[in-house]
Amino acid sequence: MDLNDVRVLGICGMGGIGKTTIAKAFYDKYFHIFDVSCFNENVRHYSQGGSSLLPLLKQLLIDLFGKKDCKIIDVESRTRKLKQILHSKKALVILDDLDQSSYSELLASLGDLFSAGSRVIITTRDANLLNKMKMDISEVEIYMVKTLKEIDSLELFSYHAFRKPVPPENFRELSLHFVSYAGGLPLALKVLGSSLLGRTYEFWKAKLEKVIEIPENDIQEVLKLSYNELDDETEKEIFLDIAFFFVGKDINEVVHVFKSCDFYPDVGIPILVDRCLLTIDTNNKLVMHNLIQDMGRKLGRSTRLILRGNAWKDLQNLEPIKQLNNLAGLYLSECCGLKRLPEQLGDMKALKKIDASYTAIEKLPDSITHLNELVELNLLCCSKLTKLPEQLGEMKGLKKLDAGSTLIKQLPDSIYSIEGIG
């Protein structure tokens, strides 16, 4: 704040993590030391229905100087007008919720618009947008907002659930369960806490069971914005597949699978990281916030299936399989009682991945060889599986087969006709 130059601060993070709240807190604390200031909320709505730069510049003029200076009708004139007015004024400008739509022209000229001592704060869910800004403006700082730690999460949750920073002792354990579910996301803590205000202990227990199975809509809708803004269907498919199958997996292993599906993971995965939908930990494992993963699994449930507990029994009893013909992924890992897959599995022509690891499967149905689109078959630690179908080589699309820690002693000869299998 003491430096006499133009500085830009980018506040970046996933939806609901508190970017706007942080920007507002900064604005409320410091706006009075600037000659002019404005907080421009929800900037992305200017991009709806055409060029966003012209109405945004108009709004900046209105916010900073009033309506008398807003009769200019073109971008160049408005930019020049802003520069003339601001050349001797120290300004604080907040641009909230910026996206990639059509701001390159504005961002490239930000450094020239403002006089010494001015500050521009931008909030966004797209880290790459801020990296682009660094190419045009050298004095750009990026702050990645982190999720709250447990002690701060509990305090925020308690403020909304009890109107005080600490929950009553008899509600403490339940409160901690809700805090754990929220994963340090302020929006989730606020929504959940507010929904429990004044409710009985029994209501709290029922609510906890519900949110684990059915995530809150208000939270999901905010998180879904980043998914909706992904550039193409390939990036969306990568996100959904990771949410269903690959959280906690090594990135190199996942990249290999996606490349076999022609999904261009070397492009898609960095974009998911930039959009704060995915992180890669120090062990090279893919990490996703549990609420983002819930959102992805909700969006992809029509094409992907996860069965847990005793739900695998429903799969074994399907005669025929109705509504599952469009499934792209089937995740059965750790369904310990699963002994067989239905013969109708071969009718699920859209399947690309089957994960039946750590199950009690004794034999695969011969019809599995009809799955020409299947890319990955994971049978790791199927300790009762003794052999694979003889015609496995007919699955020309198969790129990855893991049959480690099984009772299989010999692979069928036909498997060697599959090119590129690993």
Side-chain angles (χ1 to χ4, degrees), residues 237 240-241 244-246 249 253-254 256-263 300-422:
E237 289 296 312
L240 295 177
D241 277 351
F244 271 78
F245 307 113
F246 298 124
K249 301 290 187 181
E253 175 187 341
V254 176
H256 174 74
V257 174
F258 282 136
K259 282 184 175 178
S260 67
C261 300
D262 296 325
F263 274 1
R301 62 188 177 190
S302 63
T303 55
R304 295 158 179 86
L305 181 64
I306 292 181
L307 299 180
R308 288 196 171 95
N310 291 323
W312 55 268
K313 293 181 178 178
D314 297 331
L315 180 66
Q316 295 186 125
N317 295 329
L318 288 174
E319 300 275 352
I321 301 179
K322 326 173 258 296
Q323 70 275 24
L324 301 182
N325 288 341
N326 294 324
L327 280 182
L330 185 60
Y331 186 88
L332 304 164
S333 182
E334 300 183 23
C335 290
C336 300
L338 181 62
K339 296 182 178 180
R340 67 179 180 89
L341 294 173
E343 190 63 34
Q344 295 92 336
L345 186 71
D347 296 331
M348 301 167 69
K349 302 296 185 181
L351 273 177
K352 293 182 179 296
K353 305 176 188 67
I354 298 176
D355 186 346
S357 58
Y358 297 92
T359 63
I361 288 178
E362 299 172 351
K363 180 184 177 183
L364 293 176
D366 291 335
S367 65
I368 197 174
T369 61
H370 301 161
L371 300 177
N372 296 324
E373 299 296 319
L374 196 70
V375 173
E376 179 182 0
L377 179 58
N378 187 356
L379 303 169
L380 178 67
C381 292
C382 291
S383 58
K384 296 185 179 181
L385 186 63
T386 58
K387 67 176 183 176
L388 296 172
E390 289 298 327
Q391 303 306 314
L392 198 69
E394 295 178 4
M395 304 170 68
K396 301 301 182 184
L398 195 62
K399 299 297 183 184
K400 183 178 180 182
L401 171 64
D402 191 342
S405 299
T406 65
L407 295 179
I408 298 173
K409 296 182 179 179
Q410 185 174 355
L411 296 174
D413 292 338
S414 64
I415 198 172
Y416 300 105
S417 66
I418 304 177
E419 296 182 5
I421 191 171

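Residue Thr369 holds its OG1 atom at 11.0 Å from CD of Glu390, rounded to the nearest 0.5 Å. To the nearest 0.5 Å, atoms CZ (Phe258) and NZ (Lys399) are separated by 16.0 Å. The structure places CG of Leu332 at 8.0 Å from CD1 of Ile354, a figure rounded to the nearest 0.5 Å. Atom CG of Leu385 sits about 4.0 Å away from atom CD1 of Ile408, to the nearest 0.5 Å. To the nearest 0.5 angstrom, Glu373 atom CD is 10.5 Å from Met395 atom CE. Expressed to the nearest 0.5 Å, how far CG of Leu398 lies from CD of Glu376 amounts to 9.0 Å.
Looking only at side-chain heavy atoms (C-beta outward), Ser357 and Asp402 stay at 4.5 Å or farther from each other. In this structure the side chain of Phe245 never reaches within 4.5 angstrom of the side chain of Asn378, judged on heavy atoms. Side-chain contact between Lys353 and Phe246 is present, with at least one heavy-atom pair separated by less than 4.5 Å.
Across all their heavy atoms, Leu407 and Ser383 have their closest contact at CG-O, 3.1 Å. Scanning all heavy atoms of the two residues, the minimum distance from Pro389 to Pro412 falls at O-CG, 3.5 Å. Minimum interatomic distance between Pro342 and Ser367 (heavy atoms only, all atoms of both residues): O-OG, 4.4 Å. Heavy atoms only, all atoms of each residue included: Glu343 and Pro365 are closest at OE1-CB, 3.4 Å.
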request  = Would you please test Leu351 and Leu345 for side chain to side chain contact (heavy atoms under 4.5 Å, CB included) and show each step?
outcome  = CA-CA 9 Å; Leu351 273 177; Leu345 186 71; 4.0 Å; yes

inquiry  = Run Leu371 and Leu377 through side chain to side chain contact (heavy atoms under 4.5 Å, CB included) and show every step you take.
reply    = CA-CA 11 Å; Leu371 300 177; Leu377 179 58; over 6 Å; no

Test log, rule side chain to side chain contact (heavy atoms under 4.5 Å, CB included), inputs Leu392 and Leu364 = CA-CA 10 Å; Leu392 198 69; Leu364 293 176; 5.7 Å; no

task = List the steps, then state whether side chain to side chain contact (heavy atoms under 4.5 Å, CB included) holds for Glu253 with Lys400.
result = CA-CA 10 Å; Glu253 175 187 341; Lys400 183 178 180 182; 2.7 Å; yes

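Heavy atoms from other residues, nucleotides or ligands lying under 6.0 Å from NZ of Lys349 number more than 12.
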